[in-house]
Amino acid sequence: IRLLGPTRAIRSVAGSVVLYVFSGALLAIMFPWASYTYVPGLFSWFAVHPGVAATFAATASIFLFAEVLFAGRPPGGYALRWLSIAALAAVVIASHERAAVFALVIGMLAVWGRKHWRPFVTVAVLCGTLIAIAVGTRAVGSQYGVQRASSDSGNPVAVYLLRGQTGEEFLGLTGRADLWAYVGSLVRAQPLLGYGFVASRSILLERFPWAGNAHNALFEALLNLGVVGTVLLGWVAARVTMSGLTKPVSSIPAEAVTEGAILGTFAFLIVGNLSAEGFAGTPSYVVFLFFIVSMAHGQLGFGRNSSTTLRGGSGGPGGSLDGLG
């Protein structure tokens with residue numbers, strides 16, 4: 001971030017992730033050996049878990065969406081970027097990762113709201129959307145009970161959401177409810193500093209062979225880092241998100257793109273990591289992304305009036321985030 005500046009740093013991440021997702025997805029579609037079927041019906045490539053593939057594709061689409069909204073009309077028009085966004089969203093849907101799909105909707109709305117709505121309207125829309133998703137998914141699960149939604153049930157939404165599970169299994173969050181209850185008991189036993197970074201893997205596998213982590217960023221942080229570490233991580237997430245919602249849009253297009261991408265990324269991470277360890281877990285793309293967008297946000301605020309930052313980070317008023325145009 002110090003070498004490239006916040007905008008060029010985010011641009012380099014965006015460009016590499018977009019290229020990676022398209023390369024991996026195309027290989028998996030064209031060649032059977034490149035496809036990774038972790039669970040039947042879930043799309044991925046090589047040895048990438050479908051949830052990770054969905055996260056890559058969703059954040060890539062958010063990067064491009066921020067550019068479409070804030071960078072101005074590119075020389076070749078918007079068609080290529082909209083097609084790319086649609087293709088990336090299709091990868092997220094094909095991965096069949098429900099949390100990633102919901103988080104992508106929230107991330108896109110956050111970017112759109114930063115461009116077109118007042119902060120309180122954006123917050124209201126995001127909260128209303130989350131409530132609607134929660135109510136809708138619970139209604140689907142309650143409707144099926146101990147039954148499974150078959151492909152010929154006539155309700156493709158239910159088939160997609162239940163993913164071969166019964167309604168009760170779906171409402172039980174695929175075993176996460178029991179897992180979180182157990183994690184809660186461990187946290188109460190050692191709340192202040194937790195059990196150590198990435199300790200969840202050795203602790204939880206003894207009780208839940210399928211759970212190498214807490215499958216929730218908040219519980220993962222509390223278990224590994226305790227209240228102290230959770231507060232520190234939570235402060236970063238809250239500050240970046242609130243600043244992204246309330247801070248005026250920059251008059252420099254390249255900075256405006258970066259700010260939109262940061263807000264959309266954080267909105268995605270917060271919602272998507274309700275069912276994944278995310279930025280509180282094992283070092284991964286999500287952890288890397290969490291810290292790079294946090295530091296990019298800090299550099300934008302610190303170097304707003306710095307000519308050095310503008311020369312090194314903005315890429316000029318006509319800067320492009322992904323360089324694909």
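What's counted below: heavy atoms across the whole structure, side chains too, no hydrogens, waters or symmetry copies. Numbering starts at 1 and runs along the sequence shown.
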**Prompt:** Atom CG in Leu26, atom CZ in Phe31: separation rounded to 0.5 Å?
**Reply:** 10.0 Å
**Message:** Contact between Val18 and Ser84 at the side-chain level, heavy atoms closer than 4.5 Å - yes or no?
**Reply:** no
**Request:** Write down the atom of Phe63, the atom of Ala261, and the distance for their closest heavy-atom approach.
**Result:** CD2-CB, 3.8 Å
**Prompt:** Counting only N and O atoms by type, is there a donor-acceptor contact under 3.5 Å from the side chain of Arg11 to the main-chain atoms of Ala254?
**Reply:** no
**Prompt:** Can Ser200 and Glu220 be said to form a side-chain hydrogen bond (donor to acceptor under 3.5 Å, both in side chains), step by step?
**Reply:** CA-CA 7 Å; Ser200 60; Glu220 184 77 5; 2.7 Å; yes
**Asked** Do Thr230 side-chain atoms and Leu222 backbone N/O form a donor-acceptor pair below 3.5 Å?
**Response** yes
**Prompt:** Shortest non-hydrogen contact from Ala57 to Val92?
**Reply:** CB-CG2, 3.6 Å
**Asked** Hey, is the main chain of Leu274 close enough, under 3.5 Å, to the side chain of Asn216 for a donor-acceptor pair?
**Response** yes
**Message:** Does any part of the side chain of Val21, heavy atoms only, come nearer than 4.5 Å to the side chain of Trp45, both counted from C-beta?
**Reply:** yes
**Prompt:** Is Arg163 close to Leu42 at the side-chain level, that is, under 4.5 Å between some pair of heavy atoms?
**Reply:** yes
**Asked** Sub-3.5 Å donor-acceptor pair from the side chain of Ser185 to the main-chain atoms of Tyr182, do we have one?
**Response** yes
**Message:** Parallel, tilted or perpendicular: which one describes the rings of Phe46 and Trp33, with boundaries at 30° and 60°?
**Reply:** tilted
**Message:** When you measure from the side chain of Gln190 to the backbone of Gly194, do you find a donor-acceptor pair of N or O atoms at a distance under 3.5 Å?
**Reply:** yes
**Request:** Spell out, yes or no, whether Leu27 and Ile29 are grouped together once hydrophobic residues are joined by side-chain heavy atoms under 4.5 Å, including indirect joins.
**Result:** yes
**Message:** Quick check: is Val228 connected to Val187 through a chain of hydrophobic side chains (ILVMFWY, heavy atoms under 4.5 Å apart)?
**Reply:** no
**Request:** May I ask you to check whether Thr258 and Thr7 show a side-chain donor-acceptor distance below 3.5 Å?
**Result:** yes
**Message:** So Leu289 and Ile292, do their side chains get closer than 4.5 Å, heavy atoms only?
**Reply:** yes
**Message:** Any heavy-atom pair between the side chains of Leu88 and Phe22 that's under 4.5 Å?
**Reply:** yes
**Message:** Starting from Phe291, can I reach Ile270 by hopping between I/L/V/M/F/W/Y residues whose side chains sit under 4.5 Å apart?
**Reply:** no
**Item:** Non-hydrogen side-chain atoms of Thr59 and Leu104 separated by less than 4.5 Å
**Value:** no
**Message:** Are there over 12 heavy-atom neighbours, none belonging to Arg176, within less than 6.0 Å of that residue's CZ?
**Reply:** yes
**Prompt:** Are the ring centres of Phe43 and Tyr36 closer than 6.0 Å?
**Reply:** no
**Exercise: do His297 and Ser243 side chains pair donor with acceptor under 3.5 Å** = yes
**Asked** With side chains defined as the heavy atoms from C-beta onward, is the minimum distance between Ser250 and Phe70 less than 4.5 Å?
**Response** no
**Asked** What is the distance from atom CH2 of Trp180 to atom CG of Leu218, rounded to the nearest 0.5 Å?
**Response** 10.0 Å
**Request:** Indicate yes or no for a side-chain donor-acceptor contact from Thr241 to the backbone of Ala238 under 3.5 Å, with no hydrogens or angles considered.
**Result:** no
**Asked** For Trp235, does the CH2 atom have more than 12 heavy-atom neighbours from other residues, nucleotides or ligands under 6.0 Å away?
**Response** no
**Message:** Same cluster or not: Leu19 versus Trp82, using hydrophobic residues (I, L, V, M, F, W, Y) connected whenever any side-chain heavy atoms lie under 4.5 Å apart?
**Reply:** no
**Message:** Taking CZ in Arg239 as the centre, count heavy atoms belonging to other residues, nucleotides or ligands within less than 6.0 Å. Is the count above 12?
**Reply:** no
**Arg98 side-chain N/O to Leu161 backbone N/O, donor-acceptor pair under 3.5 Å** = yes
**Request:** Specify whether Phe65 and Trp112 have parallel, tilted or perpendicular ring planes, treating 30° as the upper limit for parallel and 60° as the lower limit for perpendicular.
**Result:** parallel
**Asked** Among Thr129, Val123, Thr122, which residue meets the side-chain contact (heavy atoms from CB on, under 4.5 Å) test with Leu126?
**Response** Thr122
**Prompt:** So which heavy atom on Gly141 is nearest to which on Phe170, and how close?
**Reply:** CA-CD2, 4.0 Å
**same_hphob_cluster(Tyr20, Met30) at 4.5 Å side-chain heavy-atom cutoff** = yes
